[in-house]
Every structure is written in C-alpha cells, then in structure tokens.
Enquirer: 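Please see the structure below; I have some questions.
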Amino acid sequence: MNAQTSAPDKLVTFTLSATDGMARRGRIDTPRGDIQTPAFMPVGTAGTVKAMYPEQVRETGADILLGNTYHLMLRPGAERVASQGGLHDFMDWQRPILTDSGGFQVMSLAQLRKLTEKGVTFRSHIDGSSYELTPERSIEIQTLLDSDIIMQLDECLKLPADYKEMERAMELSLRWADRSKTAFNNQLNRALFGIVQGGDNAELRARSAQGLKSIGFDGYAVGGLAVGEPQDVMFRVIENITPELPTDRPRYLMGVGKPDDILGAIGRGIDMFDCVHPTRAGRHGHVYTRFGVINLKNARHRDDHRPIDEASPNPNCRRWSRAYLHHLVKTEEILGAMILSQINLAYYQELVQGCRGAIEGGRFSDFAAETRAAWAAGDLPTI
C-alpha cells in the first residue's frame with residue numbers, strides 16, 4: 001500500500017508502510033531515533049526499568065521506554081530532573097521516551113484525591129504531602145522531563161461503571177484534552193497524544209474519538225482498558241474504536257498487557273503497547289517463552305538440568321539450567337529477577353518483531369495462530 005505520513009512540519013512523524021487485515025506495520029521517527037511498530041515499550045516507572053541496565057533494555061530490541069509522570073513528579077521531582085539535563089541524561093537512555101500523564105493514578109488513588117474541573121488534587125502515597133495536577137501542569141512536568149511523546153491528562157475509570165459516570169469522565173477528559181493541546185503549544189521535537197475514553201460503551205468511545213480528532217493530535221491512545229474488564233470486552237472495544245481513528249497517526253493501547261493481549265490487539269489495529277507485567281512477572285519467578293508462561297517456583301524445575309529454551313535466540317534462555325533459576329527464585333536472589341526480567345522483555349520484543357515481519361509478508365493471521373498453538377502446547381515435559 002502507499003505510505004501515509006503525518007504533517008511534514010513536525011519532527012516527530014509516523015509512516016504506515018503495510019497492513020494485513022486490521023494489523024499495521026509502521027515507523028515513528030523522532031529526533032532521538034525511530035520506533036518500529038508494532039512496538040512494546042518497557043516501563044521505567046521511576047527512571048529505571050527494574051532490574052535492568054539501560055543498555056540491556058536496548059539489547060532486547062526496545063526502541064522506546066515509558067516514564068511515569070506521577071512517580072517522577074513526587075521523586076525526585078520534575079524540576080530536579082530538568083536540572084540534571086532531563087530524563088534521558090538522568091537515566092542514560094538516549095532513545096525516545098514516552099511519559100504518561102498521571103491520569104491512571106487519578107483512578108488508582110481514589111482514596112487520596114479530589115477531582116474537579118480544574119484538575120486533581122491528591123496526597124502523596126509516600127509522605128501524605130499535597131499536590132495539584134492539572135492538564136497544564138501535566139504538560140509542564142512532561143516537558144521538564146524532556147519527554148519525546150507526551151500524553152494529555154485524562155480521567156481513567158475502573159470497569160464496570162455505569163453509563164452516566166463513563167460519559168462524565170469521557171467528557172471531562174475531552175475538555176482536558178483541549179487544554180492539554182493549548183498548553184503543549186505545538187512544540188517541535190515532541191509529539192502530543194490524545195486519549196480515547198468512554199469505558200466499554202461503543203457510542204461514548206466514538207464520541208471521544210471524534211472530539212479528539214477535532215482537536216488534533218500527533219497520535220491517539222486508547223485508555224481505560226485493562227482495568228478489570230474481561231479480555232473479550234477489551235478486544236471488542238479496540239475493534240470498534242480503531243476504525244474511528246486516523247490511519248496516518250499511531251495508535252497506542254495503554255497499560256497492555258500479556259502476550260495474548262498484545263497479539264489480539266495488533267490484529268485489531270493497535271501500534272504501541274506498554275506494561276509493567278514482563279518485569280513484574282520476572283521478579284515473581286514467571287518467565288515468558290514460545291512455550292507460554294513458565295513458573296520457575298514449581299518443584300518440577302528443581303532438578304532439571306535443561307535450559308529454559310535451548311532453541312531461543314536469547315542467550316539467557318540457553319545459558320543457565322532450570323534448576324539454577326529455580327534456586328535463584330526460591331532464595332529470592334537479585335540475579336534471578338535480573339535474568340528473568342531480561343528474558344521476558346526480550347520475548348516481548350521477539351513477539352512484536354515477529355508480528356512486524358508477518359504483517360509485511362501478509363501472513364499475520366497464520367503467525368498469530370502458530371504462536372498461540374505453541375503457547376497451548378505448553379512447556380517441555382517433566383524429566
């Protein structure tokens with residue numbers, strides 16, 4: 001198909017190079033490097049991807065990281081990060097960074113916050129001190145952090161929720177989107193993404209998308225999913241909303257997810273993902289491979305001399321025995337968290353790389369079916 005490219009006066013651009021059904025293959029170009037899509041963004045909540053050096057994260061194939069506005073504004077503070085040269089220099093990651101807006105924490109801190117038209121005031125979960133986060137302040141913080149892709153402030157609801165509450169939050173998020181766009185002020189070298197809200201209601205989601213398109217953004221995120229709803233509901237919402245979004249802008253599904261979630265969402269037109277799950281799972285002894293998820297806490301691995309996967313392209317899957325990794329997990333050694341986090345992030349990148357090649361080759365459906373069949377076959381038989 002013909003390439004579609006965003007406005008030429010922007011230094012952050014998106015090129016759509018291939019489609020296969022609803023699945024899309026593209027590239028986001030930024031001054032700090034390109035981002036191949038579909039893309040998975042490891043989460044560096046507080047200026048670090050837990051248990052990983054930056055160069056190790058890059059070696060897994062990651063083009064971009066996510067930073068968390070809420071946590072970084074509390075510690076060490078956006079102004080302090082700016083005084084250190086911005087988040088890229090602060091953590092020594094010289095490739096693109098996307099920062100979320102703090103909107104998810106608006107939901108998760110329901111007992112510590114007060115929501116108004118102006119914004120949200122909340123008490124820090126660390127020391128109880130009071131903060132105010134408005135659309136304007138969120139943009140200011142993300143600019144101080146020197147983010148490459150900035151998110152509008154939104155209100156994210158847990159699901160299920162009633163229609164009136166979803167409508168209220170969606171309309172508030174639209175008004176905050178407009179204020180975020182004004183505060184962003186068409187900065188060069190950065191992109192601003194709007195966030196589609198509306199819960200699990202197709203009509204509200206469509207209204208949100210239309211409102212965001214009328215404001216105009218460099219990319220469009222789907223927020224308010226992976227917040228308690230079943231996977232089939234999430235997939236239905238994605239399948240309904242992606243046709244409502246511009247084809248020449250990247251589409252980002254926030255906070256998702258497990259490999260099967262990502263595979264299903266790519267097949268429904270999503271380009272970008274982030275989730276803490278692969279590193280969190282690694283710290284708890286769970287490892288993702290072509291066999292699916294393996295729980296190394298299980299006693300079946302205690303005397304198993306075999307590696308995780310001797311056919312894996314990742315040397316860490318071939319280097320140590322399952323018995324050794326089981327030992328590290330059971331004794332809660334830091335090295336275990338480091339190794340398993342690396343394996344998981346590398347597998348996530350292997351998965352999206354495979355999707356990119358399959359879309360280019362016009363065989364995404366076959367790739368998805370083969371990948372799911374391998375997961376369903378399960379792990380190696382017990383010795």
Side-chain angles (χ1 to χ4, degrees), residues 6-7 9-14 27-37 39-50 52-58 62-105 119 131-154 176-177 179-195 217-221 249-250 252 254-255 272-274 276:
S6 59
D9 60 340
K10 280 285 187 181
L11 294 181
V12 177
T13 60
F14 176 64
R27 187 187 72 247
I28 303 169
D29 290 303
T30 82
R32 288 191 171 95
D34 63 345
I35 304 158
Q36 300 295 325
T37 66
F40 179 79
M41 301 181 285
V43 176
T45 299
T48 173
V49 177
K50 290 189 187 332
M52 297 282 288
Y53 285 104
E55 59 270 24
Q56 291 175 316
V57 178
R58 175 62 177 154
D63 291 329
I64 178 173
L65 299 184
L66 180 142
N68 188 281
T69 291
Y70 168 80
H71 288 283
L72 290 167
M73 72 179 282
L74 296 184
R75 291 187 301 194
E79 283 76 11
R80 182 167 288 120
V81 172
S83 75
Q84 298 296 315
L87 189 55
H88 299 83
D89 287 349
F90 193 50
M91 66 180 294
D92 193 21
W93 172 265
Q94 299 305 326
R95 292 194 57 81
I97 293 174
L98 179 149
T99 45
D100 65 11
S101 66
F104 181 79
Q105 280 71 33
Y131 289 82
E132 181 180 58
L133 189 62
T134 65
E136 294 78 11
R137 177 59 177 159
S138 177
I139 298 297
E140 180 185 25
I141 290 169
Q142 294 178 76
T143 302
L144 287 166
L145 295 173
D146 199 17
S147 174
D148 301 282
I149 300 177
I150 288 175
M151 305 302 299
Q152 70 148 108
L153 184 65
D154 66 325
W176 284 1
R179 288 167 54 189
S180 296
K181 177 70 179 291
T182 300
F184 182 72
N185 195 28
N186 295 319
Q187 298 181 55
L188 293 176
N189 305 317
R190 306 185 206 279
L192 178 66
F193 281 24
I195 304 176
F217 289 91
D218 301 302
Y220 294 83
R249 299 290 189 273
Y252 164 31
M254 304 182 73
M272 301 170 68
F273 303 86
D274 82 278
V276 299

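Note: hydrogens, waters and symmetry copies are ignored here, and every other heavy atom, side chains too, is used. Quick caveat, the model's predicted, so the values are computed rather than measured.
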Enquirer: Please examine the side chains of V81 and L144, heavy atoms only from C-beta on, and report whether any two atoms are closer than 4.5 Å.
Expert: no
Enquirer: Roughly how far, to the nearest 0.5 Å, is CG of N189 from CG of L11?
Expert: 5.0 Å
Enquirer: In sequence, state the C-alpha distance, the side-chain angles, and the governing distance for S83 and E79, and then conclude on side-chain hydrogen bond (donor to acceptor under 3.5 Å, both in side chains).
Expert: CA-CA 6 Å; S83 75; E79 283 76 11; over 6 Å; no
Enquirer: Hey, are the side chains of P96 and I149 touching, using non-hydrogen atoms and a 4.5 Å cut-off?
Expert: no
Enquirer: Decide yes or no for W176 and S138: does some side-chain heavy atom of the first lie under 4.5 Å from some side-chain heavy atom of the second?
Expert: no
Enquirer: Please report the shortest heavy-atom distance between P250 and I28, naming the atom on each side.
Expert: CB-CD1, 3.8 Å
Enquirer: Are F184 and R190 close enough, and set up right, to give a side chain to side chain contact (heavy atoms under 4.5 Å, CB included), and what steps lead you there?
Expert: CA-CA 9 Å; F184 182 72; R190 306 185 206 279; 3.9 Å; yes
Enquirer: Can you give me the closest heavy-atom contact between P31 and V12, atom names plus distance?
Expert: CD-CG2, 4.1 Å
Enquirer: For the pair R137 and E140, find out whether any cationic side-chain nitrogen is under 4.0 Å from an anionic carboxylate oxygen.
Expert: yes
Enquirer: Are L192 and D218 packed together at the side-chain level, in the sense that at least one heavy-atom pair is separated by less than 4.5 angstrom?
Expert: yes
Enquirer: Compare every heavy atom of R249 with every heavy atom of G219, then report the nearest pair and how far apart it is.
Expert: CA-CB, 4.2 Å
Enquirer: Strictly distance-based, threshold 3.5 Å: is any side-chain N or O of T69 a donor or acceptor partner for the main-chain N or O of D100?
Expert: yes
Enquirer: Measure the spacing between OG1 of T37 and OH of Y252 and express it to the nearest 0.5 Å.
Expert: 14.5 Å
Enquirer: Do K181 and Q152 come close enough that some side-chain heavy atom pair is under 4.5 Å?
Expert: no
Enquirer: Apply side chain to side chain contact (heavy atoms under 4.5 Å, CB included) to F193 and F217, showing your working.
Expert: CA-CA 6 Å; F193 281 24; F217 289 91; 5.7 Å; no
Enquirer: Apply side chain to side chain contact (heavy atoms under 4.5 Å, CB included) to the pair D146 and L87, showing each step before the final yes or no.
Expert: CA-CA 6 Å; D146 199 17; L87 189 55; 5.7 Å; no
Enquirer: Does the side chain of M151 reach to within under 4.5 Å of the side chain of M254, using non-hydrogen atoms?
Expert: yes
Enquirer: Grab the two heavy atoms, one from T48 and one from M52, that are nearest each other, plus how far apart they are.
Expert: OG1-O, 4.2 Å
Enquirer: Can you tell me how far CD1 of I139 sits from CG of N185, rounded to the nearest 0.5 angstrom?
Expert: 11.0 Å
Enquirer: Any chance you could measure D63, atom CG, to R32, atom CZ, to the nearest 0.5 Å?
Expert: 14.5 Å
Enquirer: Please examine the side chains of I35 and T30, heavy atoms only from C-beta on, and report whether any two atoms are closer than 4.5 Å.
Expert: yes
Enquirer: Any idea which heavy atoms bring Q94 and D92 closest together, and the distance?
Expert: NE2-OD1, 3.8 Å
Enquirer: When rounded to the nearest 0.5 angstrom, what distance separates CD1 in I64 from CG in D274?
Expert: 10.0 Å
Enquirer: Hey, does R58 have a side-chain heavy atom less than 4.5 Å from the side chain of W93?
Expert: yes
Enquirer: NE2 of H88 to CD1 of I97: how many Å apart, nearest 0.5 Å?
Expert: 3.5 Å
